[in-house]
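Here the structure is laid out as structure tokens; the discussion comes afterwards.
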Amino acid sequence: MSNVLVTGGAGFIGSHMCLALLESCHDVIVIDNLSNSCLEPLKRVEKLAQKSLIFIECDIRNDQKLRQIFKDHSIDAVIHFAGLKAVGESQRFPLSYFEHNIAGSISLFKAMEQANVFNIVFSSSATVYGENNRSPYHENMPANTPYNNYAFTKLMTEQMLEKLALADQRWSIALLRYFNPIGAHQSGQIGEDPRGKPYNLIPHLTQVAIGKREKLSIYGNDYNTPDGTCVRDYIHVVDLAAAHLHALDNRLKTNGCRTWNIGTGQGHSVLEIKETFEKVNRLDIPFEYAPRRVGDLPAYFADNERAMRELKWQPQFQLEDMLKDSWNWQRQNPMGFK
Ligand SMILES: NC(=O)c1ccc[n+]([C@@H]2O[C@H](COP(=O)([O-])OP(=O)(O)OC[C@H]3O[C@@H](n4cnc5c(N)ncnc54)[C@H](O)[C@@H]3O)[C@@H](O)[C@H]2O)c1
């Protein structure tokens, strides 16, 4: 059992992480600026776990407040989710992405170092592999051509952490490269609730299903993929949270920096997702083809062998489960957390 600080813990993945931590008997301190979330998911997490956590509203760019938090609380490890995550937005507002994702991470690492906290699990992304690698992506492939500004911020943060581990052996760092997290906790109490028009496929799909949006836009049907739509590796958010617990355990025993892909290793096209969603949930989803989006790669999926072998982690959920759970969450919460 340890005290874990979760940055961005009120968000989609962070809230599932907090629940998994509480259920595994860890104590949790969440810091979040609530720019893309609210307090309700954390209240529900406490109810589900029947255990409370500490919430502190804080922006990770606020050095002074961060330092105070590390002084006030005895923290063993950090799981770092806080940041901005929309690829298209990162192309329009690069500075904002550099500020939150890179400068914010530097503030966090400085506060950690000052407080002698050296264990961290970082939310990286499969987008760091860029356009020059072929799937399945393996951790040993060169990640040096980020395809968009969001991927650039993830790559920069990974590289900073690698250099910290080289410079000071007290650091113990897990870089988790997520593929596409979807689904929701089986209770239907927490799930993905983006502000404004969803950027990711699944909330877009479920918001069409609930009648909040008219039709699903499928961005591009002329990619070099079997049906022309983009192919991604979808991973259940509960499996993803479990991977963090395994990584945390691994890192609390070993120093240095290590990278793991967290995906199922299976690629599915957007069209296939829509059709499977319709089948398992007995729904019809109106859709249209829209132009390709800037920054989207045609297809990628993970080689997840390293994570399974070294972390002793294995994804438990199939695509059908993920799509049922996503709908279960949206159906029970038509307006999200409002
Ligand atoms: N969801 C995905 O598809 C995906 C894929 C790969 C990697 N990731 C990474 O995983 C992490 C979590 O993603 P998510 O889907 O849960 O996103 P999310 O937006 O739901 O959660 C991020 C949380 O961070 C908070 N936040 C943002 N900027 C902050 C700042 N400067 N200070 C403090 N809090 C801040 C937001 O309010 C939000 O609660 C992100 O770092 C994201 O880049 C997500």
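The analysis underlying the following values was restricted to heavy atoms, covering all of them including side chains, and did not include hydrogens, waters or symmetry mates. Each ligand, and each atom within it, is numbered from 1 in the order the structure gives.
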Please report whether ligand 1 has a polar contact with Ser35, defined as an N or O pair separated by less than 3.5 Å (distance criterion only).
yes
For ligand 1, is there an atom lying under 4.0 Å from some heavy atom of Pro194?
no
The protein heavy atom nearest to atom 20 (O) of ligand 1 is Phe12 N, 2.9 Å
Can you sort out which atoms of ligand 1 are near Gly8, meaning under 4.0 Å from one of its heavy atoms?
23 (C), 24 (O)
Could you report the tightest heavy-atom contact between Pro41 and Ala10, atom names first, then the distance?
CG-O, 3.5 Å
Can you spot which of Phe81, Trp260, Trp313 makes a ring pair (Phe, Tyr, Trp, His ring centres under 6.0 Å) with His244?
Phe81
Flag yes if more than 12 heavy atoms outside Asn224 fall under 6.0 Å of its CG atom; otherwise flag no.
no
Polar contacts were defined as any N/O atom of the residue lying under 3.5 Å from an N/O atom of the ligand; does this apply to Gly11 and ligand 1?
yes
What protein heavy atom is closest to atom 22 (C) of ligand 1, reported as residue, atom name and distance in Å?
Gly83 O, 4.0 Å
Under a 3.5 Å threshold, yes or no: a donor from one side chain and an acceptor from the other, between Asp321 and His236?
no
Answer yes if the side chains of Asn148 and Tyr97 hold a donor-acceptor pair under 3.5 Å, and no otherwise.
no
Please state whether Gly9 comes within less than 4.0 angstrom of ligand 1, counting heavy atoms only.
no
Which donor-acceptor pairs under 3.5 Å do side chains of residues 296-303 form with protein atoms, sequence neighbours excluded?
{"residue": "Asp296", "atom": "OD2", "partner": "Arg293", "partner atom": "NE", "Å": "2.9"}
{"residue": "Asp296", "atom": "OD2", "partner": "Arg293", "partner atom": "NH2", "Å": "3.4"}
{"residue": "Asp303", "atom": "OD1", "partner": "Glu305", "partner atom": "N", "Å": "3.0"}

Nearest to atom 29 (C) of ligand 1 by heavy atom, Asn33, Asp193, Leu176: which?
Asn33
Per side-chain hydrogen bond (donor to acceptor under 3.5 Å, both in side chains), Thr264 is matched among Asn304, Asp239, Asp233 by Asp233
Evaluate Ile31 for polar contact with ligand 1, using N/O atom pairs at a separation under 3.5 Å.
no
Can you tell if the side chain of Ile273 reaches within under 4.5 Å of the side chain of Leu319, non-hydrogen atoms only?
yes
Would you say Ala10 and ligand 1 have an N/O pair spaced under 3.5 Å apart?
no
Side-chain donor-acceptor pair under 3.5 Å between Thr153 and Asn101, yes or no?
yes
When the ring planes of His204 and Tyr219 are compared, do they come out parallel, tilted or perpendicular, using 30° and 60° as the limits?
tilted
Can you label the angle between the Trp171 ring and the Phe109 ring as parallel, tilted or perpendicular, going by 30° and 60°?
perpendicular
Do any N/O atoms on Phe81 end up under 3.5 angstrom from N/O atoms on ligand 1?
yes
Which atoms of ligand 1 are found less than 4.0 Å from any heavy atom of Ser123?
9 (C), 10 (O), 11 (C), 41 (O)
Above 12 or not: heavy atoms from other molecules or residues under 6.0 Å from CZ of Arg195?
yes
More than 12 foreign heavy atoms under 6.0 Å from CD of Glu288: is that the case here?
yes
Subset of ligand 1 atoms that lie under 4.0 Å from at least one heavy atom of Leu34:
37 (O)
Of the protein's non-hydrogen atoms, which lies at the shortest distance from atom 38 (C) of ligand 1, and what is that distance?
Asp32 OD2, 3.5 Å
Side chain to side chain donor-acceptor pair (under 3.5 Å) between Ser187 and His185: does it pass, once the steps are laid out?
CA-CA 5 Å; Ser187 63; His185 187 256; 2.7 Å; yes
Suppose we measure from atom 10 (O) of ligand 1 to each protein heavy atom; which comes out shortest, and what is that distance?
Tyr178 CE1, 3.4 Å
The one among His100, His80, Arg177, Lys85 that brings a heavy atom closest to atom 15 (O) of ligand 1:
Lys85
Closest approach of any protein heavy atom to atom 3 (O) of ligand 1, naming residue and atom
Pro181 CD, 3.3 Å
Quick note on ligand 1: atoms under 4.0 Å from a heavy atom of Ser124 include exactly 6 (C), 7 (C)
Within-cut-off N or O pair, Ile13 and ligand 1, under 3.5 Å
yes
Heavy atom to atom 42 (C) of ligand 1, shortest distance: which of Tyr97, Phe122, Tyr150 holds it?
Tyr150
Is the closest heavy-atom distance from Asn200 to ligand 1 below 4.0 Å?
yes
Atom 32 (N) of ligand 1: which protein heavy atom is closest, and how many Å away?
Ile60 N, 2.9 Å
Side chain or backbone, does Ser37 bring an N or O within less than 3.5 Å of an N or O on ligand 1?
yes
Is there a side-chain contact between His80 and Leu161 (heavy atoms, below 4.5 Å)?
no
Using heavy atoms and a 4.0 Å limit, tell me yes or no: is Lys154 in contact with ligand 1?
yes
re atom 18 (P) of ligand 1, the protein heavy-atom contact at minimum distance is Asn36 ND2, 3.8 Å
